[in-house]
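Each remark here refers to the structure printed beneath this line.
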There are 2 protein chains.
Amino acid sequence: MNIRTLCLAILNFGQATGYEIKKMSSDTHYAYFVDASFGSIYPALSKLEVEGCLTSHEEREPGKPARKVYSITDKGRLELVSHMSDAPKKDIFKSEFLLIAMCAEMLERETVRKAIDNRILQLEEELKFIKDSSEETEHEGTKWIAGYGYACQENSLKYLIENREKLESLAQASSQELEPAE
Amino acid sequence: MNIRTLCLAILNFGQATGYEIKKMSSDTHYAYFVDASFGSIYPALSKLEVEGCLTSHEEREPGKPARKVYSITDKGRLELVSHMSDAPKKDIFKSEFLLIAMCAEMLERETVRKAIDNRILQLEEELKFIKDSSEETEHEGTKWIAGYGYACQENSLKYLIENREKLESLAQASSQELEPAE
DNA sequence: AAGACATATATCGAAATGATATATGCCCAA
DNA sequence: TTGGGCATATATCATTTCGATATATGTCTT
C-alpha cells in the first residue's frame, strides 16, 4: 500500500497535521498498514492537497510552531473507498528473528537464548499495546482488528514458549555449558 | 535487515547465482527475512565480492546464458555470524486486509466478504506452502521456523473463520440484501 | 540556567523497489 | 514447423521511500 492511502485513511478518522500522521503511522495501530517517514508523508500530503483530495488550514497560536492541519474532502473519501474496494495485496511478514532461528546451528547458545528472550518481551509488549488501544476506542472496526491481532500474537507467544528449548538445543553449546556427547 | 545479510545467509547454504537468490528470496522460506529485487541483489553481490565476502566463477555451457555463480568465503561467514549475533530488529507485519477490516463500515458488504474470502485463500495457500517446504528439508533450523510459521498461520486462519461474521456485519448492507431496521 | 524532550515542518543522500531491456533456450500447441 | 509463452540470466533506471539531519519553539525537570 502506498503512503497516499495511509494518509487518507488516517484523515478519514479526523483532521491531523503531517507530524501527527507520522506519529500515528509509527506508534498506533495504523502501523499495521504501512510505516511511513516524514520524507514520504509531507510530499504525499502536498500532492493530495493540490489534487483536491485534502484541504488544509493553518492554526497559529502565539509561541507555538504553526500547525498545518489537513482535512479529507469528498474527493479524497472517494479515492480511499475506491482503493480499498480493490483486492488487497498479500500481507507482508518479515522477521530477523526467524533468520537467527534458522541459522541457530551457526550461533552460540547464549546468542540464540537472548534472541528468544528479546522476542518474547516484544510479543508481550505488543499484546499489552493491543489490549490498551482496544480499550481506548469505541470504533468497532478498530476493535475487530485489535481482537484479531491479539489472538495471533498470543498464539505466537504461546508456541515460542513451548518450543524454545528445541530451538536452543540446535545452537552451539556455550563454553561454560556441558552438552551430552553425540 | 539489509540485502547483504540475506545474500550471505542464502549463500551459506550453498552457491547460487543472482537470479537464483532473487527467486529464493521471493518464492521460498527466505521470503520471511526480506523480499529483494534484482536491482538490489546484483549491486549487493558485486560489492560483497569486491570486499572479499564472496567469490565467483563463470559457468559456461554452450547455448545457455553464462551463469555467474557466487560462493561465500570465511570472511563472509564471519560477517554473517557477526550480524546475526546483534539483537534482531522487531518483526515487521503489514496488512492491507486489516485496513479494509478497520474501514469495513465504509465499504459494501460484498467488498468486505470478498476481501475475507481472498485472505482465507491466501492463508490456506501459505499453510500448504509451509507444509511442503518443511517436508522437503532435513535442516533442523528450517524445520523449526516452518513449525512456528505453520502454528501462527493456522491460528490466524481459525480466528478469521470464527469471527468473519462479526466483521461482515459492520459493512454496509449491499442493495440486494435485507437488513433488520435499527 | 541548562539540558532534555516534545511538537512541527522540511530537505536530502542513500537505499530499495518495480518495471523494463536484452538475450538464449526449451516446450507445446496450432 | 513455427511461433508464442515460459524459464533462465544479467543489467539498468526512474520513482519511491527511508533514515538522518536541520531548524525552530516551548515545556518540564534538575
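Keep in mind that the numbers below use all heavy atoms, side chains included, and drop hydrogens, waters and symmetry copies. Per chain, numbering begins at 1; letters A, B, ... match sequence-line order.
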When you match Tyr70(B) and Lys89(B) each to their closest nucleotide on DNA chain D, which lands nearer the 5' end? Tyr70(B)
Between atom OG1 of Thr55(B) and atom CG of Leu48(B), what is the distance when rounded to the nearest 0.5 Å? 11.5 Å
When you measure from the side chain of Phe38(A), which nucleotide among dA8(C), dA10(C), dT17(C) comes out closest? dA10(C)
Integer-rounded Å distance: dG19(D) C1' and Asp35(A) CG: 11 Å
Protein-nucleotide distance (Met24(A), atom CE; dA8(C), atom C1'), rounded to Å: 14 Å
Lys23(A) NZ to dA6(C) P, in whole Å, measures 8 Å
Rounded to whole Å, the CG-P distance (Leu6(A) to dT16(D)) equals 16 Å
Please determine, for the side chain of Arg67(A), which listed nucleotide (dA16(C), dA8(C), dA9(D)) has the closest atom? dA8(C)
Sugar-phosphate, base or nothing in reach of Gly39(B), heavy atoms under 4.0 Å: base
Can you tell which of dA9(D), dA10(C), dT8(D) lies closest to the side chain of Tyr42(B)? dA9(D)
OP1 or OP2 of dT7(C) versus the side-chain N and O atoms of Tyr19(A): is any pair under 4.0 Å? yes
Please determine if Glu168(A) and Arg164(A) form a salt bridge, counting it only when a charged side-chain N lies under 4.0 Å from a carboxylate O. yes
Quick check, are the ring centers of Phe13(A) and His139(A) under 6.0 angstrom apart? yes
Can a side chain N or O of Thr17(B) be found less than 4.0 Å away from OP1 or OP2 on dT8(D)? no
For residues Phe129(B) and His29(B), establish whether the separation of their ring centroids is below 6.0 Å. no
5'-most by nearest nucleotide on DNA chain D - Ser37(A) or Pro43(B): Pro43(B)
Mind calculating the distance between CG (Leu45(B)) and P (dT12(D)) to the nearest angstrom? 14 Å
Rounded distance in Å - CD (Glu20(A)) to C1' (dA10(C)): 17 Å
To the nearest Å, how far apart are Ile21(A) CD1 and dA10(C) C1'? 15 Å
Picking from dA9(D), dT9(C), dC18(D), which would you name as closest to the side chain of Lys68(A)? dT9(C)
Evaluate side-chain contact (heavy atoms from CB on, under 4.5 Å) for Asp35(A) paired with Ser26(A), printing each intermediate quantity in order. CA-CA 6 Å; Asp35(A) 192 6; Ser26(A) 300; 3.4 Å; yes
From CZ of Arg4(A) over to P of dT17(D), roughly how many Å is that when rounded to an integer? 10 Å
